[in-house]
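Report on the structure given below.
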Amino acid sequence: MPELPEVETVRRQLAGTLIGRTIERITLRRTDVIRGAGPRRFRETLRGQTVEALDRRGKALIVRLSDGVALLVHLGMTGRFCLAPPGVPLAEHTHMIAYLADGGRLVFRDPRRFGHLELTCADALDETETLRNVGIDALAPEFTAARLSEALAGRTAPIKAALLDQRRFAGVGNIYACEALFRAHIDPTALCGELDAQQVKALHRALRAVLRASIAAEGTTIADYVNGNGVPGGFQRRLRVYGREGEACPSRGCTGTIARIVQSNRSTFYCPLCQRA
DNA sequence: CGGACAACCTGGTTGC
DNA sequence: TGCAACCAGGTTGTCC
């Protein structure tokens, strides 16, 4: 489900509704989604904490609490972190419930359980399991075309695989990697070293543009992603290649057909005609 | 070291 | 209808 735009959408919505509210108690229905502390310490540390801010780095959500405590949320493929509607039974696969002092319920739900919650100190974020291998955010002002160029330098992997690597810059997943490569007219199978400076610049611009456009549309919903208010995103209608195998290439004047190939076990969608190394 | 690949999970869809 | 195979927004460990 969640790449940078989807996590950013959740962050913005929760920032609007959660800041200043206090956790009264925590219920864990499964403990294997918890990191950084055992279940008992997890519950006891969060009890009585007030939400002060919500931040994000790449695909990770950072909930900053009173007392210098932080809760890191990674949604994996199917995770949701949102307020449960009042008066309705909690959905299946709800692993953690934070009962708020005002009666609200903040829940973590994740059928596939690739996501997790990690408890940490706000000043130790870089050492956490969730963030220790995560580079700068792909929408941070410091992530310039020059930084992208550095990130790709010396690599021999195909560019598509390099975009999914969160270590040098973070937030790009399978959908937006495909979409950015299409917008920049770059062949996803091209090796990093084969791109010239102009292509790297075009790719940087395409990455930032597609991430921003998706945030403006409140993210992409393929199957079951919903934002903090339970509403699906709108960007799936504006995807140009992802999930569009067999359709005509949407580039003006291009007569190609969108193809699907597999790269490092993930689907890549692209136009073999207008995306060139 | 980097890169390819399997593994981790559940659920929905497809095809026989 | 039933069931197996395949697919899915991510990350990590293992092997080369």
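Chain A is the first sequence line, chain B the second, and so forth, proteins listed ahead of strands; every chain is numbered from 1. Being a predicted model, the structure only gives us computed values, none of them experimental.
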Gap separating the OG atom of A:Ser251 from the CZ atom of A:Arg183, nearest 0.5 angstrom: 11.0 Å

A:Asn133 has an atom CG; how far is it from atom P of C:dG13, in whole Å? 8 Å

Integer-rounded Å distance: C:dG13 C1' and A:Glu129 CD: 13 Å

Could you check which of B:dC5, B:dT10, C:dA8 has an atom nearest any side-chain atom of A:Ser267? C:dA8

Could you measure between the two P atoms, the one in C:dC6 and the one in B:dA6, and give it in whole Å? 13 Å

Taking the minimum atom-to-atom distance to the side chain of A:Met77, which one of C:dG10, B:dG11, C:dC7 wins? C:dG10

Value in whole Å for how far the P atom of C:dG10 lies from CG of A:Leu164: 7 Å

CD of A:Gln263 versus C1' of B:dA4: gap in Å, rounded? 12 Å

Between A:His74 and C:dG10, is there a side-chain N or O to OP1/OP2 distance below 4.0 Å? no

Which sits closer to the 5' end of DNA chain C, A:Gly173 or A:Arg132, going by the nucleotide each is nearest to? A:Gly173

Of the candidates C:dT11, B:dC8, B:dG11, the side chain of A:Glu92 sits closest to B:dG11

Presence of A:His116 side-chain N/O under 4.0 Å of C:dG10 phosphate oxygens OP1/OP2: no

Rounding to the closest angstrom, what is the interatomic distance between B:dG12 and C:dT11 at atom C1'? 22 Å

Looking at A:Asn174, I'd like to know whether one of its side-chain N or O atoms comes within less than 4.0 Å of OP1 or OP2 on C:dG9. yes

Report which part of the nucleic acid A:Tyr176 touches: base, sugar-phosphate, or nothing (heavy-atom distance under 4.0 Å, all strands). nothing

Once you round it to whole Å, what is the distance between P of C:dT11 and CG of A:Leu163? 14 Å

Considering residues, nucleotides and ligands other than A:Glu127, do more than 12 of their heavy atoms fall under 6.0 Å from its CD? yes

Using Watson-Crick geometry (N1-N3 plus N6-O4 or O6-N4) or G-U wobble (N1-O2, O6-N3), each under 3.5 Å, B:dC9 is paired with none

Going by ring centres under 5.5 Å and near-parallel planes (under 30°), is A:Phe114 stacked on B:dC8? yes

For A:Thr156, which contact category applies under a 4.0 Å heavy-atom criterion: base, sugar-phosphate, or nothing? sugar-phosphate

Can you tell me how the ring of A:His93 sits relative to the ring of A:His95, calling it parallel under 30°, perpendicular over 60° and tilted otherwise? perpendicular

Of B:dT10, B:dC8, C:dC7, the nucleotide closest to the side chain of A:Arg260 is C:dC7

Nearest to side-chain heavy atoms of A:Arg168, which nucleotide of B:dG2, C:dT11, C:dA8: B:dG2

Start at the 5' end of DNA chain B and walk down; is the nucleotide closest to A:Arg30 or to A:Asp165 reached first? A:Asp165

A:Asn265 side chain N/O closer than 4.0 Å to the phosphate oxygens (OP1, OP2) of B:dA6? yes

Check: A:His74 ring centroid to A:Phe114 ring centroid under 6.0 Å: no

Nearest-neighbour nucleotide for the A:Arg155 side chain, B:dC5, B:dG3, B:dG11 considered: B:dG3

Rounded to the nearest 0.5 Å, what's the gap from OH on A:Tyr176 to CZ on A:Arg208? Could you check? 16.0 Å

Separation of C:dA8 atom C1' from A:Arg244 atom CZ, nearest Å, is 17 Å

Hey, is the side chain of A:Arg112 pairing donor to acceptor with the base of B:dC9 inside 3.5 Å? yes

NZ/NE/NH1/NH2 to OD/OE distance under 4.0 Å, A:Arg12 and A:Glu8: yes

Taking 4.0 Å as the cut-off, does a side-chain nitrogen or oxygen of A:Arg266 come that near to OP1 or OP2 on C:dG9? yes

I need the CD-C1' distance between A:Glu245 and C:dC6, as an integer number of Å. 13 Å

Is A:Arg113 close enough to B:dC8 that one of its side-chain N or O atoms is under 4.0 Å from OP1 or OP2 there? no

Using the P atoms only, state how far B:dG11 lies from C:dT12, rounded to an integer number of Å. 24 Å

OG1 (A:Thr130) and CD (A:Glu118) are apart, to the nearest 0.5 Å, by 3.5 Å

Please check the phosphate of C:dG9 (OP1 and OP2 only) for any side-chain N or O of A:Lys59 closer than 4.0 Å. no

Between P on C:dT11 and CG on A:Leu72, what's the gap in Å once rounded to a whole number? 14 Å

